[in-house]
Amino acid sequence: MSPANATATKAGGGGSGDEYEVGKTYEVKLTTGNEFKGIVLAYDSDPHVGAIPGKCKSMMTTRTVNASFISKANLIGKCKDPMDSNKKKWFVDLSGLLEKEAIAIRRIESIGVGVTAEAQKIFDALSKTLHVKWENKDMVIMEDVRICSPYHSDSVTGGTRAANDRIKKVLNNVREKLQLSSDT
């Protein structure tokens, strides 16, 4: 990649030092292996993020891409006005964006920070059938039952006696299914 007004860390593109000029068309390959072609509609050099429209199946989409995830970008050409030829086709699917945001937030909230791999496995198993979230290093189930480290049944507190007993039983079953050591 060697557009006139861009800085590239290396020829061929990719890397957080690259800048992509608005209105130019690129063939892009991401570090995830995804490939697409599109026109840069917007580019912010501080976080190195660009908005690039493209086609996904039969629908026009716009991707927000962090440049540090671009492994290869080949400059194809320049458009006069990237929005001009398809004015009627360009729109922002707000409900789709909100749905993607909600999914991303759920994914982030399901990852425990500073917890062991064993704790994360237990959390993942419990979250398949119960409403569970991380609160620091504790698992909070159904908003009032808490499982603290070391995540054994004797570490279950809060909630009604029936809810507490149910969570203890489910936790013991999860630990057995994951072949983790039983309570000490």
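Just so you know, these numbers come straight off a predicted model, no measurement behind them. For reference, positions follow the sequence shown, starting with 1.
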Could you walk me through whether M139 and W134 pass the side chain to side chain contact (heavy atoms under 4.5 Å, CB included) check?
CA-CA 5 Å; M139 296 177 207; W134 286 107; 3.7 Å; yes
Run the numbers on V40 and K24 for side chain to side chain contact (heavy atoms under 4.5 Å, CB included), then give the verdict.
CA-CA 6 Å; V40 177; K24 291 197 176 181; 5.6 Å; no
Are [Y] and [X] connected into the same hydrophobic cluster when the rule is that any two of I, L, V, M, F, W, Y join if their side-chain heavy atoms are below 4.5 Å apart?
X: L178; Y: F123; answer: yes
X: I122; Y: I111; answer: no
X: V140; Y: V145; answer: no

Shortest non-hydrogen contact between [X] and [Y], atoms and distance:
X: V174; Y: A125; result: CG1-CB, 3.6 Å
X: S153; Y: L171; result: N-CD2, 3.7 Å
X: S155; Y: P150; result: OG-CD, 3.4 Å
X: M142; Y: A163; result: CE-CB, 4.4 Å

How long is the gap from [atom1] on [X] to [atom2] on [Y], to the nearest 0.5 Å?
X: K133; Y: I141; atom1: NZ; atom2: CD1; result: 12.0 Å
X: H152; Y: L180; atom1: NE2; atom2: CG; result: 8.5 Å
X: N136; Y: C148; atom1: CG; atom2: SG; result: 10.5 Å
X: L30; Y: S68; atom1: CG; atom2: OG; result: 10.0 Å
X: E27; Y: N74; atom1: CD; atom2: CG; result: 6.0 Å

Above 12 or not: heavy atoms from other molecules or residues under 6.0 Å from NZ of K121?
no
With a 4.5 Å heavy-atom cut-off, do [X] and [Y] have their side chains touching?
X: F69; Y: T32; result: no
X: K169; Y: R166; result: yes
X: I147; Y: L126; result: yes

State whether E35 and K72 are salt-bridged, where the test is any N-O pair (Lys NZ or Arg NE/NH1/NH2 against Asp/Glu carboxylate O) under 4.0 Å.
no
Could you tell me whether the side chain of R175 and the main chain of Y151 form a donor-acceptor pair under 3.5 Å?
yes
Short side-chain to backbone donor-acceptor contact, S71 and K29, under 3.5 Å:
yes
Regarding Q120 and D124, is there a side-chain donor-to-acceptor distance under 3.5 Å anywhere?
yes
Before you tell me yes or no, could you show the steps for I167 and L130 under side chain to side chain contact (heavy atoms under 4.5 Å, CB included), namely the whole-Å CA-CA distance, both residues' side-chain angles and the distance that decides it to 0.1 Å?
CA-CA 9 Å; I167 299 304; L130 297 168; 3.8 Å; yes
Would you mind telling me which of N164, D138, T157 makes a side chain to side chain donor-acceptor pair (under 3.5 Å) with R146?
D138
Pair N173-K177, side chain to side chain contact (heavy atoms under 4.5 Å, CB included): steps then yes or no
CA-CA 6 Å; N173 289 339; K177 190 173 189 176; over 6 Å; no
